[in-house]
K.L.:
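First the structure, which I've put down as structure tokens, then a few questions once you've had a look.
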Amino acid sequence: MGAIPISGPPMSSSLLNGLNPEQLAAVTLPAVPALILAGAGSGKTRVLTTRIAWLLSTGQVSPQGILAVTFTNKAAKEMLTRISAQLPINARSLWVGTFHGLCNRLLRLHWRDAGLPQAFQILDSADQLAAIKRLLKALNIDDEKYPPRDLMHFINANKEEGRRAHEVESWDDYTRQLKQLYEEYERQCRREGVVDFAELLLRSYELLRDNAPLRQHYNARFRYILVDEFQDTNRLQYRWLKLLAGKTDPLNRALGKVDTATGETIPEAAVFAVGDDDQSIYAFRGANVGNMRDFESDFAVQTVIRLEQNYRSHGNILDAANALITHNRGRLGKNLWTEECAGDPIRVFEAASDFEEAQFVVDEVRQLNREGQALSDMAVLYRSNAQSRVLEHALFQAGLPYRVYGGLRFFERQEIKHALAYLRLIANVEDDNALLRVINFPVRGIGNRTLELLGETARGTGTSIWQAACSGGAGRSAAAVGRFVQLIEGMRAQADGLSLPELVQLAIEQSGLLEFYRNDKEGQDRLENLEQLVSAAARFVQDNEDSVVDFLAQASLEAGEHEAAPGQDALQLMTVHAAKGLEFHAVFLTGVEEGLFPHDNSINDPQSIEEERRLAYVAITRARRRLYISLAQSRMLHGQTRFSIASRFLSEIPEDLLKWLNRGYAPAAMPARKPEKAAPEHGMRVGASVAHPKFGTGVVIDYDGTGKGANVQVNFGAAGVKWLALDYAKLTLVS
DNA sequence: TAACAGAGAAAAAAA
DNA sequence: TTCTCTGTTA
């Protein structure tokens, strides 16, 4: 292993400057398995990149010996950028990427051993769903009884547990059928030469598991494996890591045999797992926090380092976050601290309605902005996307520029997907997914009936729809189908000798996409996007091989930026999930109400409540200096006014850290609303303001019973929420 | 084939 | 409320 040539002052000392003792210890660990519990804002990325730079610059390992894995392309890119800023190194020789990106790399290199066609295509989740719908149709399965989404989930969940169809246990007819469909789906994918996201993982896992020489090669090669966001790994990803690290997999007897047979001692890579169990918010998509404990025991981890010093937030914000998260059980344990002062208290605002809440945000943002705070350094966070509407409306009215995260991304747009489908067909005519997407777009007179016929022919002969189309079994529309076949054949014939951007240009022109959107009065944006696709292809060939297949793979793996307004100074709006990893001077956490945050769907399950609490923890720790928490007593939800009370999470934050901006707020100011139920005879409809001699004023949020048995539930704000028997309680209607 | 009406559902999301 | 899906109609 050669050392990296170093120019200038000794790299290692300047590298390590400014690290705190824990960070330094983590960065300079010897080759042992280690778990780094990195709290929010504790300099996690810095530790990861500095460790890689340190390992390289001290000559302990060559770039080939390092594998670093992340979840998002953004994180991977950031890591590469920061490493190359610290070291004069060709970043491309490093294996740094997402799980899926690295698996793709592995499978492209060893496609034959993995049993894949050389030009295999990657299905994104929309493609996968389409493929499943097509399968169900082909098999004549009632999709009411077997919803495509459920089947997709079934398949992915099993793959993520490392189970092939034949390994699925089924005790009832329903599961037996799902299992059967899983098998059929795999067959279809194999025939079409496509792999879905979960398959990328599973296939490369199996490749390493079943191919001893290959595994030994990579075991010998990767001496240091670094994992970012380890708490977000799923079971399959963890097993994949174990395999790469040279750990035998107890779940897999075959592997044990191979290893005894070869008699080789497997060298074990030093796995450096960085994560934070308190920020695990992706259980719903398969993340298994338990991997952190499993890692400790499976690898006999002796080194656990806690990065608890926070460089982001003021003390009060950290205290609030710490206090909140202690309500979770079974944590690995961590307490953030800072050298900064306590700072401002957390400002709490209880609004009468979602409109008023939005208005509050507008007013505060405007005030902060007037004081010189950049809008882009402020964020409004919410639990669910539906909440953004009211906020956007108020911001728009106030003329405050804002940017909403989420929504469609570049490679997910329909015009882009259409263009890519033509490219896919050029690369592989057997790709039924791609064919069906564009055979009649732009419209060329090939309707459903024709497609059904083609589908039947294909099924009958066990071939692709393309084959069926070529053989001319298209009934009345045979001519139209023939023209389509000719169109694609023509493109394929011209493809030779064209560069990738030229090919993209050709595809969008000859397919008629360009003309179609030119004639479409709302097609202007789409035309621009198609132009951008050509530029993207041009950019791609600058840094990569001129290969359609590689370009398509990248398009699937990196869907591109979320839709966002052009780069002026704008307030940031996003879900709490989307905010993970980001930080802002001021954060507005909105909708902190029972039923919304924690969400209704998690209220009956302690595990889910804990995940919601971690989500709140993530939200709070995004703020550097100012944190606002707001809630609304009533809000429009699904077209109905819904009344709610403050979130339990709010009461889990010590009162002395909070500053209620509108304590003693008069609920009578609430606009009249239609009662939810028939008006009760006592007149205490939902939303009515009432007064109680002891609890003060409040708002009726529910009632039941009649006559002597009548009860009403009242939100008294500071005094809490109470059910009161009307017959006894001295309640009076205000106003 | 395309436009339209009515039903039903609505948590979060990377690759 | 608003989006998406399905089935119907011109």
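Only this structure's heavy atoms are used, side chains among them; waters, hydrogens and symmetry mates stay out. To find a chain, count down the sequence lines: A is the first, B the second, and so on, and within it residues start at 1.
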K.L.:
Using a heavy-atom cut-off of 4.0 Å across all strands, would you classify A:Ile446 as base, sugar-phosphate, or nothing?
P.N.:
sugar-phosphate

K.L.:
On DNA chain B, compare the nucleotides closest to A:Arg383 and A:Gly560; which residue's is nearer the 5' end?
P.N.:
A:Arg383

K.L.:
Rounding to an integer number of Å, can you tell me how far A:Lys77 NZ sits from B:dA14 P?
P.N.:
14 Å

K.L.:
By a 5.5 angstrom centroid cut-off and a 30 degree plane limit, is there stacking between A:His100 and B:dA15?
P.N.:
no

K.L.:
Could you tell me how far C:dC5 sits from B:dA12 if I compare only their C1' atoms? Round to whole Å.
P.N.:
23 Å

K.L.:
On the nucleotide B:dA15, are OP1 or OP2 found under 4.0 Å from the side-chain N or O atoms that A:Arg409 carries?
P.N.:
yes

K.L.:
Calculate the interatomic distance between A:Tyr405 atom OH and B:dA14 atom P; express it in whole Å.
P.N.:
13 Å

K.L.:
Measure CG/A:Leu582 against P/B:dA13 and give the value in whole Å, please.
P.N.:
13 Å

K.L.:
Indicate whether A:His599 forms a stack on B:dA12; treat it as stacked only if centroid distance is below 5.5 angstrom and interplanar angle below 30 degrees.
P.N.:
no

K.L.:
If you look at every strand shown and take non-hydrogen atoms under 4.0 Å, does A:Glu144 touch a base, only sugar-phosphate, or nothing?
P.N.:
nothing

K.L.:
Across the strands shown, which category fits A:Phe71 at heavy-atom distances under 4.0 angstrom: base, sugar-phosphate, nothing?
P.N.:
sugar-phosphate

K.L.:
Kindly assign one of parallel, tilted or perpendicular to the pair A:Phe230 and A:Tyr238, based on the angle between their ring planes and the thresholds 30° and 60°.
P.N.:
perpendicular

K.L.:
Examine B:dA14: is either OP1 or OP2 under 4.0 Å from a nitrogen or oxygen in the side chain of A:Asn73? Give yes or no.
P.N.:
no

K.L.:
Whole-Å distance between B:dA3 P and A:Asp520 CG?
P.N.:
10 Å

K.L.:
Is any side-chain N or O of A:Asn385 closer than 4.0 Å to OP1 or OP2 of B:dA12?
P.N.:
yes

K.L.:
Does the distance from a Lys or Arg side-chain N to an Asp or Glu carboxylate O, for A:Arg648 and A:Glu593, drop under 4.0 Å?
P.N.:
no

K.L.:
Under the criterion side chain to side chain donor-acceptor pair (under 3.5 Å), I'd like the reasoning laid out for A:Arg235 against A:Asn291: C-alpha separation, chi angles, the key distance, then a yes or no.
P.N.:
CA-CA 7 Å; A:Arg235 287 201 157 80; A:Asn291 286 346; 5.5 Å; no

K.L.:
Check A:Thr72, A:Thr575, A:Asp232, A:Thr621 against A:Lys580 for a side-chain hydrogen bond (donor to acceptor under 3.5 Å, both in side chains) and give me the one that passes.
P.N.:
A:Asp232

K.L.:
Please check the phosphate of C:dT2 (OP1 and OP2 only) for any side-chain N or O of A:Arg389 closer than 4.0 Å.
P.N.:
yes

K.L.:
So A:Val443, base contact, sugar-phosphate only, or nothing? Heavy-atom distance under 4.0 Å.
P.N.:
sugar-phosphate

K.L.:
Stacking between A:Tyr282 and the base of B:dA12 (centre distance under 5.5 Å, interplanar angle under 30°)?
P.N.:
no

K.L.:
Rounded to whole angstroms, how far apart are NE2 on A:His638 and P on C:dT1?
P.N.:
14 Å

K.L.:
Does A:Asp124 reach a base, just sugar-phosphate, or nothing at all? Heavy atoms under 4.0 Å.
P.N.:
nothing

K.L.:
So that I know where these two stand, are A:His577 and A:Phe284 an aromatic pair - ring centroids less than 6.0 Å apart?
P.N.:
yes

K.L.:
Can you measure A:Phe120 atom CZ to B:dA15 atom C1' for me and round it to whole angstrom units?
P.N.:
14 Å

K.L.:
Angle between ring planes, A:Tyr517 versus A:Phe441, binned at 30° and 60°: parallel, tilted or perpendicular?
P.N.:
tilted

K.L.:
Give the nucleotide from the list B:dA12, B:dT1, B:dA15 with an atom nearest to the side chain of A:Thr575.
P.N.:
B:dA12

K.L.:
Round to the nearest Å and state the distance from A:Arg149 atom CZ to B:dA9 atom C1'.
P.N.:
12 Å

K.L.:
Please state how far atom CG in A:Leu589 lies from atom P in B:dA12, giving the value in whole angstrom units.
P.N.:
15 Å

